[in-house]
Amino acid sequence: MFAVHLVAFYFTKLKEDQIKKVDRFLYHMRLSDETLVDIMARFQAEMEKGLGKDTNPTASVKMLPTFVRAIPDGSENGEFLSLDLGGSKFRVLKVQVSQEGQQNVQMESQFYPMPNEITRGNGTELFDYVADCLADFMKNKDLTHKKLPLGFTFSFPCRQNKLEEGVLLSWTKKFKARGVQDTDVVNRLATAMKKHKDLDVDILALVNDTVGTMMTCAYDDPNCEVGVIIGTGTNACYMEDMSNIDLVEGDEGRMCINTEWGAFGDDGALEDIRTEFDRELDLGSLNPGKQLFEKMISGLYMGELVRLILLKMAKVGLLFGGAKSSALHTKGKIETQHVAAMEMSKEGLANTREILVDLGLEPSESDCIAVQHVCTIVSFRSANLCAAALATILTRLRENKKLARLRTTVGMDGTLYKTHPQYPKRLHKVVRRLVPNCDVRFLLSESGSTKGAAMVTAVASRVQAQRKQIDKVLALFQLTREQLLGVRDKMRAELEYGLKKKTHSLATVKMLPTYVYGMPDGTEKGKFLALDLGGTNFRVLLVKIRRRSVRMYNKIFAIPLEIMQGTGEELFDHIVQCIADFLDYMGLKGAQLPLGFTFSFPCRQTCIDKGTLVGWTKGFKATDCEGEDVVDMLREAIKRRNEFDLDIVAIVNDTVGTMMTCGYEDPRCEIGLIAGTGSNVCYMEEMRNIELVDGDEGRMCVNTEWGGFGDNGCIDDIRTQYDKEVDEGSLNAGKQRYEKMTSGMYLGEIVRRILIDLTRQGLLFRGQISERLRTRGIFETKFLSQIESDRLALLQVRRILQQLGLDSTCEDSIVVKEVCGAVSRRAAQMCGAGMAAIVEKRREDQGLQHFKVTVGVDGTLYKLHPHFSRILQETVKELAPQCDVTFMLSEDGSGKGAALITAVAKRLQQPRKDI
């Protein structure tokens, strides 16, 4: 028993001594966590350099855009071909992807040898050989009668400008075919395939093997957004935010970046980490000075590193009693498979002895222990370096997503990772230690990069088909110049119909006289009350005007839905209650002040203080009001309360108020535009053109009520099914059609209808229509403004959609943003076309070659939407080139404007008693 313990002690002591001996000799190969964190910082700097347009040319880590923008979503189906060129064998694969209620992939493949004379010969012969193998495969599988899309896995650094193109930057591994570098390999393959008349194949995608690995794993796990290969070579790819990729146009969405991390250190960034053995191995390689990181990690070089170390240790007498064999002197005699065999937990020592004996050596027990430890240090360093670079990528993903903790999946492939007994667990352990705030799942790619190429092709095929369908929908909202000119000209005709007595009753644009004859001239002064009714909030204001300065005090009151849609008497009693509260609040009870009433609904006026409601808009439905004089209704309500008396001087539309407010600041202002919940325009018209009012002298403001434009069907050619659905679901079906295509109250609802349709077609939200999306009015126009903001990252767009109960992918968010953009752009263009009709009319009426005018503007859509105002202005400029139009934002048009109109009316009452 004692003898057994003695032997065990001797063996343990022997092992410890040998391990210490090797540790001392290979001290520089053992990397501390501190060193790994430092390597992470260096790799992060290299990634930034590779992504930058100006710094990329000198970057060693090339960060190549792959133009793969989406991962599989499970809806892919069809037959695809895949080629895999990059290793010691060449593989052709047919992949059948189908749903059938569940994701299903069936594959048939064939391997073809890659002789040295092909890999290191002439480039044309290489691609001819690949095409011959493909033709042979298709003939054997009876596929020559089919036209199939093909994905080409090409495991070498390429610069891509699109998915189906790739210019070879440099050969790596053992490939050296002449005349291929700096040429498009897809074009080279297509040329070779043309020599086979029976081949009808469409190359849809060129894919790096790393990307293929990520895509294969992403088909099984949608959280997979990183691919890593640790095999003959090593590389990684990941999904990067487009906004960080300077090399590619556009900021929307994400794109897979092929890091080509094997070249990390080629600029000297890892010189302090590299050892004499790394330098010796590099000098003897096919590409000295290149792929230095890969040469410290990958399977092509690991066995050779071990051989160089053993040779040196033997030379200095630390192994084999100083004896060396010719095999130990021969390059390539120790391979990575030998390293893996020597590191096996149980039979590792026995394997080590066998391998060393095969090399013509006579190893002792202590030699075997030392050699096994050399293998451990070399492979552990490889795993450590890989872990540091991968941890950098994971940190970048977490920071891009602005998360405190990242949950993600890394797709893994490569012979070293798959066959080395200790490698995966070492890698996983170090990664988790370096990035404790990342929950990482490592997923082994079952069928590798070739299936991945087919998946990229399947996704490209799906995205292509989906893009066509989405573009078809978006095209309905893209108005041509001719269509916009048509809107302008039809609007112009409707303006004329509305002004003429004979056609007024048939006109959709009602052109209502407002009896506002003049603009402010700066002499107005006094205290005025103003009321503002036009939405769910009602305002009462006290306005003090003195020497071109205006001071305002106001209070906002809510109008409940039951009041908006109750009886007229209830509505006006509520208004008077609000006025009483305000007068009380301001200490003005009993003061008899002139009052201007901003009433933002279509009214027919016969004088400035009389207005008959033509019809409710914007969700109001109070009974017994339409056809009645709302000023009389207000006076009746004041009498019923019997608490105060007010001098109601003017009833004003909010658009007119906007014009007057801006006219107070700019004498050129003679047009008012509201682009908010509703849409409307007013302008100063020559009295001679207004046939509904007696007199030809001077001008009067006309409230166009242009929201009704198109109610006669004149713009049906540009109305979409979505516009019709929104109209049918509204409170006033068939009315205000132009307003329903241009105003804030309806744009969000149009977007919602489009999203439902695209989801039904399986183009959005994985085909799942949430209950929230089915809810009318849920997609408010303010969301359009937020989503279309240039400053908003897609991540924030996704958060907005999540608030709406819509679980969106990155691709979904891009489509939603495009839909919002198409709907709001059309609205702004149509608004611009209408405005062009008005400014052109004013120019022609005054017989001017060029017309300079200011438009006073108000409304949340114009003020808050990031692009609406710009597009509207551009459209006016394009459709009315002889008009120089300035747009001036109104500061509180409806309140201040009502007071100014009241003040102007009071001023004009002195010489004109007919007002």
Side-chain angles (χ1 to χ4, degrees), residues 470 472-479 483 487 508 535-536 561 564-565 601-602 615-621 674-680 705-761 763-765 769-785 787-788 801 804-806 815-831 833-834 859-861 865 868:
I470 290 163
K472 200 174 167 185
V473 170
L474 295 179
L476 300 171
F477 292 85
Q478 288 155 5
L479 301 180
Q483 285 173 316
V487 172
T508 58
T536 51
L561 190 64
M564 284 169 68
Q565 298 181 7
F601 304 93
W616 285 118
T617 57
K618 294 181 273 197
F620 276 75
K621 269 288 184 187
I674 297 274
T677 310
S679 178
N680 195 15
E705 286 299 337
W706 78 357
F709 173 50
D711 288 1
N712 58 359
C714 70
I715 54 171
D716 278 3
D717 58 320
I718 56 173
R719 285 177 79 226
T720 67
Q721 71 186 72
Y722 311 107
D723 296 307
K724 288 166 188 165
E725 286 170 12
V726 168
D727 179 37
E728 284 158 16
S730 69
L731 283 169
N732 54 350
K735 304 252 177 84
Q736 300 292 105
R737 289 182 179 179
Y738 182 67
E739 182 170 80
K740 285 170 186 168
M741 296 167 82
T742 57
S743 79
M745 186 163 182
Y746 302 99
L747 298 189
E749 186 59 11
I750 295 171
V751 168
R752 187 184 73 87
R753 297 280 179 171
I754 298 168
L755 299 186
I756 285 176
D757 186 40
L758 292 177
T759 308
R760 277 199 190 112
Q761 292 181 53
L763 305 172
L764 273 182
F765 311 129
I769 303 175
S770 69
E771 276 311 307
R772 293 290 298 280
L773 192 57
R774 292 181 203 275
T775 310
R776 192 173 172 275
I778 189 72
F779 208 100
E780 295 170 46
T781 299
K782 71 174 182 185
F783 293 131
L784 268 78
S785 298
I787 286 168
E788 287 187 69
L801 294 174
L804 295 169
L806 303 170
V815 174
V816 170
K817 196 166 183 175
E818 284 183 287
V819 169
C820 291
V823 170
S824 62
R825 182 177 182 79
R826 183 191 67 165
Q829 286 180 319
M830 286 186 72
C831 228
T860 48
L861 188 57
H865 191 281
F868 188 93

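Because the structure is predicted, anything quoted here is derived from the model rather than measured. Along the sequence shown, residues carry numbers from 1.
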Scanning both residues in full, the closest heavy-atom pair of E725 with R753 reads OE1-CD, 3.2 Å
Is any side-chain heavy atom of N732 closer than 4.5 Å to one of K740? yes
Between E749 and V726 the two heavy atoms that sit nearest each other are CG-CG2, 3.8 Å
The reported gap from OG in S743 to CD1 in I674 (rounded to nearest 0.5 angstrom) is 11.5 Å
When rounded to the nearest 0.5 Å, the distance separating CD1 of I754 from CG of L474 is 7.5 Å
d(Y738 OH, T508 OG1) to nearest 0.5 Å is 11.0 Å
Between L763 and V815, is any pair of side-chain heavy atoms under 4.5 Å apart? no
In terms of heavy-atom contacts, M741 and D723 come closest through CG-OD1, 3.8 Å
dist L755:CG -> Y722:OH (nearest 0.5 Å) comes out at 10.0 Å
Would a 4.5 Å heavy-atom cut-off, applied to side chains only, mark F709 and T742 as touching? no
Quiz prompt | Donor-acceptor pair between T617 and E739 side chains, under 3.5 angstrom | solution = no
Rounded to the nearest 0.5 angstrom, the OG-CD distance for S679 and Q736 is 9.5 Å
- Hey, does I718 have a side-chain heavy atom less than 4.5 Å from the side chain of R826? no
Within the 4.5 Å heavy-atom criterion, are C820 and F779 side-chain neighbours or not? yes
Between G710 and C714, the two heavy atoms sitting closest are CA-SG, 3.8 Å
Margin query: Using salt bridge (charged side-chain N to carboxylate O under 4.0 Å, His left out), reason through K724 and E728 one step at a time and then give a plain yes or no.
Written below: CA-CA 6 Å; K724 288 166 188 165; E728 284 158 16; over 6 Å; no
Please determine if R737 and D716 form a salt bridge, counting it only when a charged side-chain N lies under 4.0 Å from a carboxylate O. yes
CG (L861) and SG (C831) are apart, to the nearest 0.5 Å, by 7.5 Å
- Query: Between L731 and W616, is any pair of side-chain heavy atoms under 4.5 Å apart?
  - Reply: no
Practice task
Could you walk me through whether T860 and T781 pass side chain to side chain contact (heavy atoms under 4.5 Å, CB included), step by step?
Solution key: CA-CA 10 Å; T860 48; T781 299; over 6 Å; no
Is the shortest side-chain heavy-atom distance between R752 and R776 below 4.5 Å? yes
Scanning both residues in full, the closest heavy-atom pair of G734 with D727 reads N-OD1, 2.9 Å
Tightest non-hydrogen contact, residues A822 and F477, listed as O-CB, 3.8 Å
Check whether any side-chain heavy atom of H865 lies under 4.5 Å from a side-chain heavy atom of L747, and answer yes or no. no
